Amino acid sequence: MANILAVGIATIDIINRVSRYPKEDDEVRAVSQTIRRGGNATNTLVVLSQLGHQCAWSGVIIDESDAAIVKNELAEHQIDFNHCKVISQGKLPTSYINVSESTGSRTIVHYRDCPELDFAFFSQLDLNTFHWVHFEGRNVAELKQMLSWLKTHYPHLPCSLEIEKPREGIEQLFSLADVLLFSKPYAISQGFSSAQHFLQSLTKENIMTCSWGEAGAWLKANDKIIHCPAFPPPEVVDTLAAGDTFNAGIISGLAKQLSHQETLEYACRLAGHKCGQDGLTNLT
Ligand code: ADP
């Protein structure tokens, strides 16, 4: 099993279920409220830890009361957060989500007053004990320095990069990571309507995946593209973080040196299984 560091964010999701979405200036009572940790990098770690890997997170923690929600959940999954930058000012990125039971709509107000992890902090970390580093594709300027640093100072340490959303200049990072994990929305934003055509258009040498919801996922390596269909659960319960789970499956398979076909199938099975249950706990 591998020792894996993920760089990215943790968020707080406050989910209020309401029987109907309120009108402006209305006052309604929520049917239920759930408060939980979110964030792609930490989601992927929660899955990787359940697969038996030793996991650590590097990101920014704001020293405020809600930080306990993040820390408690990571601790429950034995995820080390000693590689985080802790600051006293600000607010952890928070999503206030109103789910309407009458329409199923999700209206989200997002608030953040939290800087991204900076290269100056990252470059001080001792990465010698890690076998894999995973990055969430967010702050391009800082990430470019982190990925270049890794290539120079830890040339044998494999790294993966998640590209979920188009961000200005993010293409500059593609040649700096060993594994690129693309989402369907990113491929669509680039003008493609299929994962296969999108991956074909990229001429880089890296291993690349592109997940496509119920159509499964594609992987490109050595100029060869392979596909694996999705594994639908008996009942689709919750698809939130299916992509983060898929990415964990890919990282785990590659870190364990499974073949590309085995890795892709494993990731699709795991993500399909996740869709059949609420949340990310008790996946295995
Ligand atoms: P995201 O969560 O980022 O939107 P996707 O929707 O592409 O990511 O899902 C990631 C993977 O999860 C897919 O490649 C597929 O294997 C699996 N998956 C997603 N939705 C379903 C579904 N309804 N049934 C079975 N598997 C699914």
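The structure presented is a predicted model; accordingly, all values stated were derived computationally and were not measured. Atoms within a ligand are numbered from 1 in the order they appear, just like the ligands themselves.
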Proximal ligand 1 atoms for [X], defined as those under 4.0 Å from one of its heavy atoms:
X      : answer
Cys275 : 18 (N), 19 (C), 20 (N), 21 (C), 27 (C)
Glu214 : 22 (C), 23 (N)
Gly216 : 13 (C), 14 (O)
Ala217 : 14 (O)
Ala230 : 25 (C), 26 (N)
Gly243 : 1 (P), 2 (O), 3 (O), 8 (O), 10 (C)
Ala242 : 2 (O), 9 (O), 10 (C), 12 (O)

Check: Which heavy atom of the protein is the closest neighbour of atom 11 (C) of ligand 1, given with residue, atom name and distance?
Finding: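 Going atom by atom, the protein heavy atom closest to atom 11 (C) of ligand 1 ends up being Ala271 CB, 3.8 Å.
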Check: Would you say atom 4 (O) of ligand 1 has a protein heavy atom nearer than 4.0 Å?
Finding: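 Under 4.0 Å from atom 4 (O) of ligand 1, zero protein heavy atoms found.
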Margin query: Test of understanding: with side chain to side chain contact (heavy atoms under 4.5 Å, CB included), list the residues that count as partners of Pro158, not counting sequence neighbours.
Written below: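 Side chain to side chain contact (heavy atoms under 4.5 Å, CB included) list for Pro158, sorted by chain: Trp132, Asp178.
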Next item on the list: For Ile79, enumerate each residue passing the side chain to side chain contact (heavy atoms under 4.5 Å, CB included) test, keeping only those at least two apart in sequence or located in another chain.
Entry: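 Ile79 satisfies side chain to side chain contact (heavy atoms under 4.5 Å, CB included) with Leu45, Val46, Ser49, Cys55, Trp57, Leu74, His77 once adjacent residues are dropped.
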Check: How many angstroms lie between CG in Leu48 and NE2 in His134, if you round to the nearest 0.5 Å?
Finding: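 The NE2 atom of His134 is 8.0 Å from CG of Leu48, to the nearest 0.5 Å.
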Check: What is the distance from atom CH2 of Trp212 to atom SG of Cys268, rounded to the nearest 0.5 Å?
Finding: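 Spacing of CH2 (Trp212) from SG (Cys268) equals 14.0 Å.
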Next item on the list: Quick one: do Asn43 and Arg37 satisfy side-chain hydrogen bond (donor to acceptor under 3.5 Å, both in side chains)? Show the steps, please.
Entry: CA-CA 8 Å; Asn43 279 344; Arg37 180 210 49 79; 3.1 Å; yes
Check: What about Tyr96 and Tyr111, are their ring centers closer than 6.0 Å?
Finding: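 When the ring centroids of Tyr96 and Tyr111 are compared, they turn out to be at least 6.0 Å apart.
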Notebook entry, point to check: Considering Pro185, Gly213, Ala187, which one's heavy-atom position lies nearest to atom 13 (C) of ligand 1?
Noted result: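 Ranked by closest heavy atom to atom 13 (C) of ligand 1, first place is Gly213.
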